[in-house]
Amino acid sequence: MVLDLSEIATLKFEKPINDKASTKESCKTGYEWKIVWRNVIIFAYIHLAALFGLYVLFFRAKYQSAIWFTVVGVAGGLGITAGAHRLWAHRSYKAKWPLRFILMIFQTIAFQDDIYQWVRDHRVHHKFTDTDADPYNVRRGFFFSHIGWLLVRKHPDVADKGAIVDCSDLKQDPIVIFQKKWYLNLMWLCCFIIPTLVPWLAWNESLSYSWHCAVCRYCINLNITWLVNSAAHMWGMKPYEKSFSSTNNATVSLLTFGEGWHNYHHVFPWDYKAAELGNYRLNFTTAFIDFCAYLGLAYDLKTVPADTIKKRASRSGETYEQ
């Protein structure tokens with residue numbers, strides 16, 4: 001479906017704040033980073049274990065294990081892109097409960113906080129982009145926007161602004177509430193325990209190899225997602241809004257199943273494709289959603305009219321050609 005103006009007006013939380021005043025205010029603050037050493041230790045272990053996991057996958061593990069962890073990794077990626085991001089954060093399409101349940105499980109596999117927390121932070125990011133309220137503010141540098149924001153205490157503005165972002169739709173979704181209530185148990189089960197036990201029990205993979213491959217898959221999923229916050233706000237083209245930090249980055253889009261057309265996404269966050277470049281150009285998530293729509297599981301897919309896209313590019317994009 002093509003989104004009409006009345007629907008656009010209801011999505012106020014998705015309008016980024018990128019004005020010069022907010023940028024200057026963000027630079028003036030005396031925010032002092034307070035390191036959360038527990039997180040530093042955890043992420044250090046994850047990345048070190050992932051390095052050994054890569055060695056195991058290439059030289060020690062059985063081929064079934066490599067296939068298994070690829071499938072689990074794709075599921076986790078779709079849980080973020082098609083689930084937490086396009087379905088729950090931006091409401092760019094609707095899904096019947098079987099698909100919402102599947103995407104909830106997939107999102108739990110990814111282990112990037114529960115859906116409610118993920119969506120709230122992401123809506124704050126869109127509404128207060130590049131300010132102190134932005135959880136992964138790229139103006140603090142690549143490292144901060146990629147992983148550093150998880151290693152330090154959040155700026156007080158993140159919590160303050162997060163409290164005013166409307167998340168009432170999430171509170172009315174029984175699947176989101178169910179996951180939030182049981183998240184700790186579901187996370188261990190979906191992200192680590194089942195992915196580790198299946199190779200061990202099904203084809204007699206080494207339990208140690210299986211564990212390290214699971215951690216490796218998790219680490220890769222994390223870093224791929226983080227590239228949208230970091231690389232796709234630093235390097236690439238800005239064909240729709242040159243004043244935004246968000247960019248169109250084909251490499252990021254390839255790795256994230258279509259989330260790298262980020263300049264477009266920040267201008268038109270309600271488009272279920274999160275891109276204008278055809279349905280499936282480096283955009284596996286769009287293909288997945290369209291397939292679910294074909295099955296009758298997804299519906300009301302919102303898109304932006306072509307003339308609206310062209311007018312916006314002509315008016316404020318930096319690479320638009322007449």
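Computed from heavy atoms alone, side chains included, the values below leave out hydrogens, waters and symmetry copies.
- Side-chain N/O atoms of R312 and S316 include a donor and acceptor closer than 3.5 Å.
- The shortest distance between side-chain heavy atoms of F111 and C190 does not fall below 4.5 Å.
- By the 4.5 Å heavy-atom criterion applied to side chains, W149 and V158 are not counted as neighbours.
- H146 and N223 form a side-chain donor-acceptor contact under 3.5 Å, judged by distance and modelled atom types alone.
- When ring centroids are compared, W226 and F43 come within the 6.0 Å threshold.
- Defined by atom type and a distance below 3.5 Å, a donor-acceptor pair is present between the side-chain atoms of E276 and Y240.
- Listed by chain and residue number, R86 satisfy the salt bridge (charged side-chain N to carboxylate O under 4.0 Å, His left out) test with E259 (two or more places apart in sequence, or in another chain).
- Using a 30° and 60° split on the angle between ring planes, H90 and H122 fall in the perpendicular class, above 60°.
- With hydrogens and angles ignored, the 3.5 Å screen pairs a side-chain donor or acceptor of N39 with a backbone N or O of L150.
- Of the possible donor and acceptor atoms, none in the side chain of E205 sits under 3.5 Å from a partner among the backbone N and O of S210.
- For NZ of K180, the number of neighbouring non-hydrogen atoms (other residues, nucleotides, ligands) closer than 6.0 Å is 12 at most.
- For the pair Y264 (side chain) and I309 (backbone), a donor-acceptor distance under 3.5 Å is absent.
- Of the possible polar contacts, one joining the K96 side chain to the G296 backbone as a donor-acceptor pair under 3.5 Å is found.
- The closest donor-acceptor contact from the side chain of S253 to the backbone of L282 lies under 3.5 Å.
- A donor-acceptor pair is defined here as one N or O able to donate and one able to accept, closer than 3.5 Å; such a pair exists between the side chain of R217 and the backbone of C191.
- Ionic pairing of D132 and R140 is present here: one or more N-O contacts between side-chain nitrogen and carboxylate oxygen are shorter than 4.0 angstrom.
- In this structure R100 satisfies the salt bridge (charged side-chain N to carboxylate O under 4.0 Å, His left out) test together with D173, sequence neighbours excluded.
- For OH of Y45, the number of neighbouring non-hydrogen atoms (other residues, nucleotides, ligands) closer than 6.0 Å is greater than 12.
- Annotation: side chain of L186 is in contact with side chain of F178 (closest heavy-atom distance under 4.5 Å).
- One finds the CH2 atom of W182 at 14.0 Å from the OG1 atom of T108 (value rounded to the nearest 0.5 Å).
- In this structure, H265 and H126 have side chains that are in contact, with non-hydrogen atoms separated by less than 4.5 Å.
- Few gaps surround CH2 on W235; more than 12 heavy atoms of other groups in view lie less than 6.0 Å from it.
- Surrounding CH2 of W97 are at most 12 heavy atoms belonging to other residues, nucleotides or ligands under 6.0 Å away.
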*asked:* Could you go through F268 and W261, starting from their C-alpha distance and side-chain angles, then the distance that decides it, and tell me whether this counts as ring-ring contact (aromatic ring centres under 6.0 Å, His included)?
replied: CA-CA 11 Å; F268 303 112; W261 310 117; over 10 Å; no
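- Distance alone, capped at 3.5 Å, places no donor-acceptor pair between the T285 side chain and the A82 backbone.
- Aromatic ring centroids of Y63 and W203 lie 6.0 Å or more apart.
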*Going through the distances and angles, do N249 and T247 end up as a side chain to side chain donor-acceptor pair (under 3.5 Å)?*
CA-CA 6 Å; N249 187 308; T247 65; 4.9 Å; no
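- Side chain of R123 to backbone of A89: a donor-acceptor contact under 3.5 angstrom is found.
- In this structure, the side chain of N137 does not engage the main chain of A133 through any donor-acceptor pair within 3.5 Å.
- The ring of F192 has its center closer than 6.0 angstrom to the ring center of W211.
- Partners of T251 according to the side-chain hydrogen bond (donor to acceptor under 3.5 Å, both in side chains) rule, which considers only residues two or more places apart in sequence or in another chain, do not exist here.
- Judged by distance alone, with hydrogens and angles left aside, the side-chain atoms of N248 form a donor-acceptor pair with the main-chain N or O of N263 at under 3.5 Å.
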